[in-house]
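Step one of this worksheet: look at the structure below.
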Amino acid sequence: MFGALFVGSYFLQEVLALDPLQSGLRVLPLAVMMVVAAPVTAVLLRRQGPRRTALTALALVSSGMVLLAGADRSAASPAMAGAFLLLGAGFGTVMVTATAVVVQQASTDDVGVSGG
């Protein structure tokens, strides 16, 4: 996630010559989707299980990375927003899924440590 943010921010500021505020607004869909994905992931985990949920999340992340990898100087704002939307949905889902799986497998004495 941090690699995508670093390279994405660098691309927006250095290649597209956007200022930091404009760059931050273009990356905002990632943060919004991470917040939205958390409660949705809880429902998906109950209905689909961790394996399907994680696979779907990784497919979203991969799709977002492919879109970002294809960006060039002519990249339009909607395309960049779409890439960051997919990344945010995937990252949010995979983090919640991973945390849930780790915490469920931990003993009662270690739940706090494993959740952290």
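If you read the sequence from its start, that first residue is 1, and numbering goes on from there.
- Two different hydrophobic clusters hold Leu12 and Leu67 under the rule that ILVMFWY side chains link at heavy-atom gaps under 4.5 Å.
- Formation of a donor-acceptor pair under 3.5 Å by the Gln22 side chain with backbone atoms of Asp19 is found in this model.
- For the pair Leu68/Phe84, a side-chain contact is recorded, criterion being any heavy-atom separation below 4.5 Å from C-beta on.
- Residue Val61 is grouped with residue Met34 when hydrophobic side chains (ILVMFWY) are merged at heavy-atom distances under 4.5 angstrom, including chains of intermediate members.
- The side-chain heavy atoms of Met80 and Val27, taken from C-beta on, include no pair separated by under 4.5 Å.
- The hydrophobic cluster containing Val40, built from Ile/Leu/Val/Met/Phe/Trp/Tyr side-chain heavy atoms closer than 4.5 Å, also comprises Leu44.
- Pro20 approaches Gln13 most closely through the heavy-atom pair CA-NE2, 3.8 Å.
- A distance of 14.0 Å separates CZ of Arg52 from OG1 of Thr97, quoted to the nearest 0.5 Å.
- Atoms OG and CZ, on Ser23 and Arg26 in that order, are 7.5 Å from each other to the nearest 0.5 Å.
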Could you give the side-chain donor-acceptor pairs of residues 86-96 under 3.5 Å, partners two or more places apart or in another chain?
{"from": "Thr93", "atom 1": "OG1", "to": "Thr41", "atom 2": "OG1", "distance (Å)": "3.4"}
{"from": "Thr93", "atom 1": "OG1", "to": "Ala89", "atom 2": "O", "distance (Å)": "2.7"}

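- Under the 4.5 Å side-chain heavy-atom criterion for ILVMFWY residues, no single connected hydrophobic cluster contains both Leu28 and Leu16.
- In plain terms, the two heavy atoms of Ala81 and Pro29 that are nearest each other are O-CB, 4.0 Å.
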